[in-house]
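Just so it is clear, the model here is predicted, and its values are computed rather than measured. Residue numbers start at 1 and run along the sequence shown.
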Amino acid sequence: MSFQLSRRSLLAVAASSILSACTQVPKPGLEAKAADKANKDVITPREIDPIEPERKDEPAPKLDYAKIYGPVKDEGYDVPAVEFGAIKPEFLRQEVAYATNEPAYSIVVDTQKMYLYWVLPGGKAIRYGVGLGAQGRAWKGRAVVHWKRKWPRWTVPDDMVARQPHLKKYGIEAGGMDPGLSNPLGARAMYIFQDGQDTLYRIHGSPQWRSIGKNASAGCVRMLQQDAIDLYNRVRGKTPLLVI
């Protein structure tokens, strides 16, 4: 297949490291100043065994959710507290029993149950509730967290700009939307690659905490801001990902 490069094509390639298929439209008037500080962890894929059926979760120990989901000062931003009492308890962060063949310190996203597991040794995992957009429900398979970023930019793909012209100001040529509390990618984003190629699949924080445990019309895998920060701090080099 042959093709001719144009200025727009070159811009698209240059923006590939920040382009996101996560297309939750932000509310206007809440943009913050840019604080685009990258923290990249390049990962080499490796083969891992198929997942086994999940065991019944054991009761979670009592946790101080008022502290876990309280307000956070982070990288110059004031992340607001989450009204955790309005979220179903099963979608709050907790340690659970989890039978799997996946290696410890890997990620499993269960799109049916809307859980993300950070696998621990000894048949345990930290389970987070997630919200799923159309992109988050559509893609399944094995991949790796190729890199991650604090307070990322959100760049609207050209096809979405074509459908919603008012988002052109956040398009590739415009350089995307500044980081901030209203940015759809939230406080943290983890970028998923498969066979060295960007899948446009993202695990990220979300300012819309009410979307956790629910399907949405657009977006990838959304987490509560505090949970996205917690997972980001756990993810190191060579982190495999399985989406089922």
Side-chain angles (χ1 to χ4, degrees), residues 15-24 35-46 48 72 74-75 77 79 91 93 102-111 114-120 125-155 157 176-177 179-180 183-209 211-212 216 218-244:
S16 62
S17 65
I18 59 173
L19 183 64
S20 174
C22 299
T23 54
Q24 172 188 357
D36 193 22
K37 301 179 181 179
N39 181 359
K40 298 181 180 179
D41 288 335
V42 178
I43 296 167
T44 302
R46 61 189 181 91
I48 47 183
V72 177
D74 181 80
E75 304 288 326
Y77 296 99
V79 179
F91 294 124
R93 187 194 319 169
E102 301 306 299
Y105 313 119
S106 65
I107 296 172
V108 178
V109 177
D110 187 328
T111 58
M114 294 195 176
Y115 294 148
L116 182 151
Y117 295 93
W118 173 250
V119 181
L120 298 172
I126 295 174
R127 191 182 73 193
Y128 308 86
V130 298
L132 296 171
Q135 292 80 8
R137 296 190 299 274
W139 190 89
K140 293 179 176 63
R142 293 188 180 277
V144 294
V145 179
H146 191 73
W147 54 287
K148 58 184 185 175
R149 175 164 289 178
K150 296 180 179 180
W151 295 101
R153 302 183 72 82
W154 178 56
T155 305
M177 182 181 185
N183 187 301
L185 295 184
R188 300 289 188 274
M190 283 150 272
Y191 297 76
I192 310 306
F193 280 56
Q194 187 179 59
D195 299 325
Q197 300 295 317
D198 188 357
T199 64
L200 297 183
Y201 195 86
R202 309 287 186 248
I203 299 171
H204 61 89
S206 174
Q208 296 185 348
W209 60 266
S211 68
I212 301 304
C220 291
V221 179
R222 306 174 186 174
M223 304 181 73
L224 297 170
Q225 297 277 49
Q226 288 83 345
D227 284 348
I229 292 171
D230 183 79
L231 179 63
Y232 178 100
N233 291 337
R234 297 177 189 276
V235 169
R236 297 289 187 268
K238 299 182 180 179
T239 299
L241 170 77
L242 173 63
V243 180
I244 58 176

Between [Y] and [X], is there a side-chain heavy-atom distance shorter than 4.5 Å?
X	Y	result
Pro184	Met177	yes
Pro179	Arg153	yes
Leu132	Val221	yes
Arg188	Arg149	no

Can you see which heavy atom on [X] is nearest to which on [Y], and at what distance?
X	Y	answer
Met190	Ala228	CE-O, 4.1 Å
Ala189	Pro152	CB-CG, 3.6 Å
Val130	Tyr115	CG2-N, 4.0 Å
Leu200	Cys220	O-SG, 3.7 Å
Ala143	Gln194	CB-CB, 4.2 Å
Arg202	Asp198	NH1-OD1, 2.8 Å

What's the separation between atom [atom1] in [X] and atom [atom2] in [Y], rounded to the nearest 0.5 Å?
X	Y	atom1	atom2	result
Ser206	Met223	OG	CE	11.0 Å
Met114	Ile212	CE	CD1	9.5 Å
Leu120	Ser106	CG	OG	9.5 Å
Asp110	Leu242	CG	CG	9.5 Å

Parallel, tilted or perpendicular, as decided by the 30° and 60° cut-offs, for the rings of Tyr201 and Trp139: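 Judged by the thresholds at 30° and 60°, the geometry between Trp139 and Tyr201 is tilted.
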Aromatic plane relationship, Tyr105 with Trp118 - under 30° parallel, 30 to 60° tilted, over 60° perpendicular: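 Rings of Trp118 and Tyr105: tilted, 30 to 60°.
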Would you say [X]'s side chain and [Y]'s backbone share a donor-acceptor pair under 3.5 angstrom?
X	Y	value
Thr111	Ile244	yes
Thr199	Ile192	yes
Lys150	Glu75	no
Asn183	Leu185	yes

Polar side chain donor-acceptor pair, Asp74 to Trp151, under 3.5 angstrom: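 Per modelled atom types, Asp74 and Trp151 side chains form a pair under 3.5 Å.
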Side chain to side chain contact (heavy atoms under 4.5 Å, CB included), paired with Leu231, selected from Ile229, Asp227, Val235: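 That would be Val235; it is the only one of Ile229, Asp227, Val235 passing the side chain to side chain contact (heavy atoms under 4.5 Å, CB included) with Leu231.
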NZ/NE/NH1/NH2 to OD/OE distance under 4.0 Å, Glu102 and Arg142: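 A salt bridge links Glu102 with Arg142.
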